[in-house]
Amino acid sequence: MPPPRHRLLDELIELFLAEGFLEFGIGDLAARLRCSRTTIYRVAETKEQVVLAAIRGFFRRATTRIEDRVAAEPDPGARLAVYLTAVAAELAPASERFYADLQAYAPAAEIYQDNTRLAARRVQDLLTAGARAGALRDVDAAFVGAAVAQVMSAIQRGEIGGATGLADAEAYRRLADLVLHGVGGPTP
């Protein structure tokens, strides 16, 4: 009996995170996951759709886990730190090959870019909530969010990695450190 679609999608996500996705054909995926081509095509009708379903699944799964961590944090000032470090943790399993393939395949890059924009908006929301609660410095959340969005986009495009040698997840950790030290202390 073939694995249920959600389990197969999880296996595809893990394989793609570890090894990328552009080099795989449907036959390769079926062999690696020990199933038939027909089973792979239960995820989607074409290889491109299979890839995009896995990419969307990865970001959806990551977003759910990140937001669960944020919701569990009672301190509005700590939620920003929880969010940014959770983003870094969720991106950590992704290999350089995965990120290279994301950049090389425009529909996947667009999904990553959309998630980056959503993450930047979430940073703005968390900054605003933390400042209202008096737990973070009252900074211009729109400005900080826009600056964070620019850095996140540069991470997504590979520019930060190219300039610093940092993997995306580590770059997100460094961004978290920068933002948290900037908004957590007293106003100069």
Side-chain angles (χ1 to χ4, degrees), residues 1-70 83-123 148-176:
M1 176 192 281
R5 184 182 185 276
H6 68 277
R7 193 173 89 218
L8 183 60
L9 195 54
D10 286 344
E11 291 174 7
L12 285 165
I13 290 168
E14 296 310 314
L15 178 61
F16 291 169
L17 287 173
E19 299 180 33
F21 50 85
L22 288 180
E23 298 297 319
F24 287 110
I26 292 296
D28 301 323
L29 294 172
R32 290 293 298 274
L33 300 178
R34 297 181 181 173
C35 64
S36 68
R37 289 172 179 251
T38 302
T39 300
I40 299 291
Y41 284 124
R42 287 189 182 135
V43 171
E45 295 179 10
T46 66
K47 180 203 172 193
E48 291 78 16
Q49 291 171 342
V50 168
V51 166
L52 295 178
I55 302 298
R56 283 187 195 98
F58 166 66
F59 283 109
R60 187 173 31 255
R61 178 178 79 179
T63 298
T64 298
R65 291 196 297 225
I66 291 164
E67 290 301 333
D68 286 349
R69 291 180 199 150
V70 171
Y83 180 80
L84 290 169
T85 55
V87 167
E90 288 297 324
L91 292 175
S95 66
E96 288 183 34
R97 180 76 255 157
F98 175 77
Y99 287 119
D101 286 357
L102 275 179
Q103 294 305 311
Y105 186 51
E110 188 175 319
I111 293 169
Y112 190 13
Q113 195 170 43
D114 288 345
N115 279 277
T116 299
R117 277 192 291 273
L118 291 170
R121 271 191 241 131
R122 188 66 173 121
V123 166
V148 167
Q150 291 298 314
V151 174
M152 287 177 161
S153 292
I155 292 169
Q156 183 257 326
R157 290 189 305 270
E159 294 168 4
I160 299 296
T164 65
L166 296 173
D168 285 17
E170 182 58 26
Y172 273 97
R173 277 192 283 281
R174 301 283 175 93
L175 176 61

K.L.:
How would you list, by chain and number, every residue that makes a side chain to side chain contact (heavy atoms under 4.5 Å, CB included) with E67, sequence neighbours excluded?
P.N.:
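E67 satisfies side chain to side chain contact (heavy atoms under 4.5 Å, CB included) with T63, V70, Y83, R122 only.
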K.L.:
Let me see the working for F98 and D168 under side chain to side chain contact (heavy atoms under 4.5 Å, CB included), right down to the final yes or no.
P.N.:
CA-CA 11 Å; F98 175 77; D168 285 17; over 6 Å; no
K.L.:
Which residue pairs pass the ring pair (Phe, Tyr, Trp, His ring centres under 6.0 Å) test with at least one member in residues 103-122, sequence neighbours excluded?
P.N.:
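Checked against ring pair (Phe, Tyr, Trp, His ring centres under 6.0 Å) - neighbours excluded - the pairs reaching residues 103-122 are F59-Y112.
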K.L.:
Donor-acceptor check, side chain of T64 to backbone of R60, threshold 3.5 angstrom: yes or no?
P.N.:
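Such a contact is found between T64 side chain and R60 backbone.
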K.L.:
Going by the rule side chain to side chain contact (heavy atoms under 4.5 Å, CB included), which residues pair with E110 if we only count those two or more places apart in sequence or in a different chain?
P.N.:
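Per chain and number, E110 pairs via side chain to side chain contact (heavy atoms under 4.5 Å, CB included) with D114.
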K.L.:
For Y172, enumerate each residue passing the ring-ring contact (aromatic ring centres under 6.0 Å, His included) test, keeping only those at least two apart in sequence or located in another chain.
P.N.:
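Listed in chain order: nothing, the list is empty.
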K.L.:
State whether the number of non-hydrogen atoms from other residues, nucleotides or ligands found under 6.0 Å of E48 atom CD is greater than 12.
P.N.:
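Atom CD in E48 is packed in, count exceeds 12.
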K.L.:
Going by heavy atoms in the side chains, are M152 and V123 under 4.5 Å from each other?
P.N.:
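Yes, side chains in contact.
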K.L.:
I'd like to know whether L17 forms a side chain to side chain contact (heavy atoms under 4.5 Å, CB included) with S95, so could you lay out the CA-CA distance, the side-chain angles of the two residues, the decisive distance to 0.1 Å, and finally the verdict.
P.N.:
CA-CA 6 Å; L17 287 173; S95 66; over 6 Å; no
K.L.:
For a quick test of reading the model, state the closest non-hydrogen atom pair linking A171 to I160 and the distance between them.
P.N.:
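Result for this residue pair: CB-CG2, 3.9 Å.
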K.L.:
At their closest point, which heavy atom of A30 faces which heavy atom of R37, and how far apart are they?
P.N.:
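Looking at all heavy atoms of both residues, the closest pair is CB-N, 3.8 Å.
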K.L.:
Indicate yes or no for a side-chain donor-acceptor contact from D101 to the backbone of L22 under 3.5 Å, with no hydrogens or angles considered.
P.N.:
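Yes.
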K.L.:
Determine yes or no for a side-chain-to-main-chain donor-acceptor pair under 3.5 angstrom, with E170 supplying the side chain and L166 the backbone.
P.N.:
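Judged by distance alone, no pair lies under 3.5 Å.
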K.L.:
In Å and rounded to the nearest 0.5 Å, what is the CZ to OG distance from R42 to S36?
P.N.:
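Between R42 CZ and S36 OG, I get 6.0 Å after rounding to 0.5 Å.
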K.L.:
Could you go through the side chain to side chain contact (heavy atoms under 4.5 Å, CB included) check for V50 and F21 one step at a time?
P.N.:
CA-CA 10 Å; V50 168; F21 50 85; over 6 Å; no
K.L.:
Restricting to pairs with a member in residues 12-22, which pass side chain to side chain donor-acceptor pair (under 3.5 Å), not counting sequence neighbours?
P.N.:
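Counting only pairs at least two positions apart or across chains, the side chain to side chain donor-acceptor pair (under 3.5 Å) contacts touching residues 12-22 are E14-R61, E19-R32.
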K.L.:
Which atoms form the tightest heavy-atom contact between S153 and T116, and what is the distance?
P.N.:
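Closest pair (atom of S153, atom of T116, distance): N-CG2, 3.7 Å.
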K.L.:
Could you list the donor-acceptor pairs under 3.5 angstrom formed between side-chain atoms of residues 85-92 and any protein atom two or more places apart in sequence or on another chain?
P.N.:
residue: T85; atom: OG1; partner: A81; partner atom: O; Å: 2.7
residue: T85; atom: OG1; partner: V82; partner atom: O; Å: 3.3
residue: E90; atom: OE1; partner: R65; partner atom: NE; Å: 3.2
residue: E90; atom: OE1; partner: R65; partner atom: NH2; Å: 2.8
residue: E90; atom: OE2; partner: R65; partner atom: NE; Å: 3.0
residue: E90; atom: OE2; partner: R69; partner atom: NH2; Å: 3.1

